[in-house]
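Report on the following structure.
Starting from 1, each residue takes its place in the sequence as its number.
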Amino acid sequence: MSKAIRYTVPATPKPRRVAMLIYPGVTPLDVAGPLEVFSFANILRKQKIYDVVTVAPTAGPVTTKAGIAFLPSCAMTELALPVDTLMVAGGGKPRTWITQEMIDWLRTAATQARRFGSICTGAFLLGAAGLLDGHRVTTHWASCADLARFHPTASAEVDPIFIREGPFFSSAGITARIDLALSLVEEDHGRDFA
């Protein structure tokens, strides 16, 4: 009688949840650019290594500054915490779209995330939540002076395309947000994959 051979299927690692906070007036590329990097990583790996979600103050459609709308995965208060990576998208005139509800939620969610940061002018919301204090930070070059003026306890820098300090990150505009997302994938899965 032959002995049965048992094969074990390796466990699939739990996907890392990447959450992007969006709001009315958000810049569409600030949302789509970085999230597409994580989504495409799933395609290349042929497995779900990232669980990509968007959250907003409410679960209803979010109109962007381009006039198109995004439908968030859920309201920010419905998102199960902690998440692996938390990003705040930029948009509109900095500081005009920030609400106390978003500040309060972000203070809780960011401190529980493995890493958190901003895309472009999303840095203004991090600043309003007190999460820029003592950090080097960047944003779109046209908003950098305002960021430094409104948040003097942070070191606002105009030249870097993105900055990463431990769990904190920030990016400038347009393609910089994609470069930042690629650096986060590199941290998780290595340079060759990124």
For [range], pull every pair meeting salt bridge (charged side-chain N to carboxylate O under 4.0 Å, His left out), keeping only residues two or more places apart or in separate chains.
{"range": "residues 55-66", "result": "none"}
{"range": "residues 70-83", "result": "none"}
{"range": "residues 24-33", "result": "D30-R177"}

With sequence neighbours excluded, residues passing side-chain contact (heavy atoms from CB on, under 4.5 Å) with T108: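 Counting only residues at least two positions away or on another chain, T108 forms a side-chain contact (heavy atoms from CB on, under 4.5 Å) with L81, Q112.
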
Salt bridge (Lys or Arg N to Asp or Glu O under 4.0 Å) partners of E186, counting only residues at least two apart: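 Applying salt bridge (Lys or Arg N to Asp or Glu O under 4.0 Å) to E186 gives R191.
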
Hey, can you pull the donor-acceptor pairs under 3.5 Å for the side chains in residues 31-46, sequence neighbours left out?
residue, atom, partner, partner atom, Å
N42, OD1, I49, N, 2.8
N42, OD1, Y50, N, 2.8
N42, ND2, Y50, O, 2.8

Listed partners of T85 passing side chain to side chain donor-acceptor pair (under 3.5 Å), at least two apart: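 So T85 forms a side chain to side chain donor-acceptor pair (under 3.5 Å) with R115.
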
Determine all donor-acceptor pairs shorter than 3.5 Å in which one atom belongs to a side chain in residues 144-152; sequence neighbours excluded.
residue, atom, partner, partner atom, Å
D146, OD1, R149, NH2, 2.4

Report yes or no: do [X] and [Y] belong to one cluster of Ile/Leu/Val/Met/Phe/Trp/Tyr joined by side chain heavy-atom distances under 4.5 Å?
{"X": "L21", "Y": "L29", "value": "no"}
{"X": "F162", "Y": "M20", "value": "yes"}
{"X": "L79", "Y": "V62", "value": "yes"}

For V158, the rest of its hydrophobic cluster, which grows through side-chain links under 4.5 angstrom: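 In the cluster with V158 are W141.
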
To the nearest 0.5 Å, how far apart are [atom1] in [X] and [atom2] in [Y]?
{"X": "L180", "Y": "I163", "atom1": "CG", "atom2": "CD1", "value": "10.5 Å"}
{"X": "L86", "Y": "L106", "atom1": "CG", "atom2": "CG", "value": "6.0 Å"}
{"X": "F193", "Y": "L182", "atom1": "CZ", "atom2": "CG", "value": "10.5 Å"}

Pair listing, side-chain hydrogen bond (donor to acceptor under 3.5 Å, both in side chains) test, anchored in residues 17-27, at least two apart: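 Pairs touching residues 17-27 that pass the test: R17-D51.
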
Can you give me the closest heavy-atom contact between [X] and [Y], atom names plus distance?
{"X": "S171", "Y": "A176", "value": "CB-O, 4.0 Å"}
{"X": "A75", "Y": "P57", "value": "CB-O, 4.0 Å"}
{"X": "P61", "Y": "L71", "value": "N-CD1, 3.9 Å"}

Non-hydrogen side-chain atoms of T63 and P24 separated by less than 4.5 Å: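 Sidechains of P24 and T63: no contact.
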
Close side-chain approach of R114 to D188, heavy-atom, < 4.5 Å: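 Touching, per the 4.5 Å side-chain cut-off.
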
Donor-acceptor list for residues 117-136 side chains, cut-off 3.5 Å, not counting sequence neighbours:
residue, atom, partner, partner atom, Å
T121, OG1, G91, N, 2.9
D133, OD1, T153, OG1, 2.6
H135, ND1, E165, OE1, 3.0
R136, NE, E157, OE2, 2.7
R136, NH2, E157, OE1, 3.2

ring-ring contact (aromatic ring centres under 6.0 Å, His included) pairs, two or more places apart, involving residues 68-87: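 Applying ring-ring contact (aromatic ring centres under 6.0 Å, His included) to every pair that reaches into residues 68-87, excluding sequence neighbours, yields nothing.
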
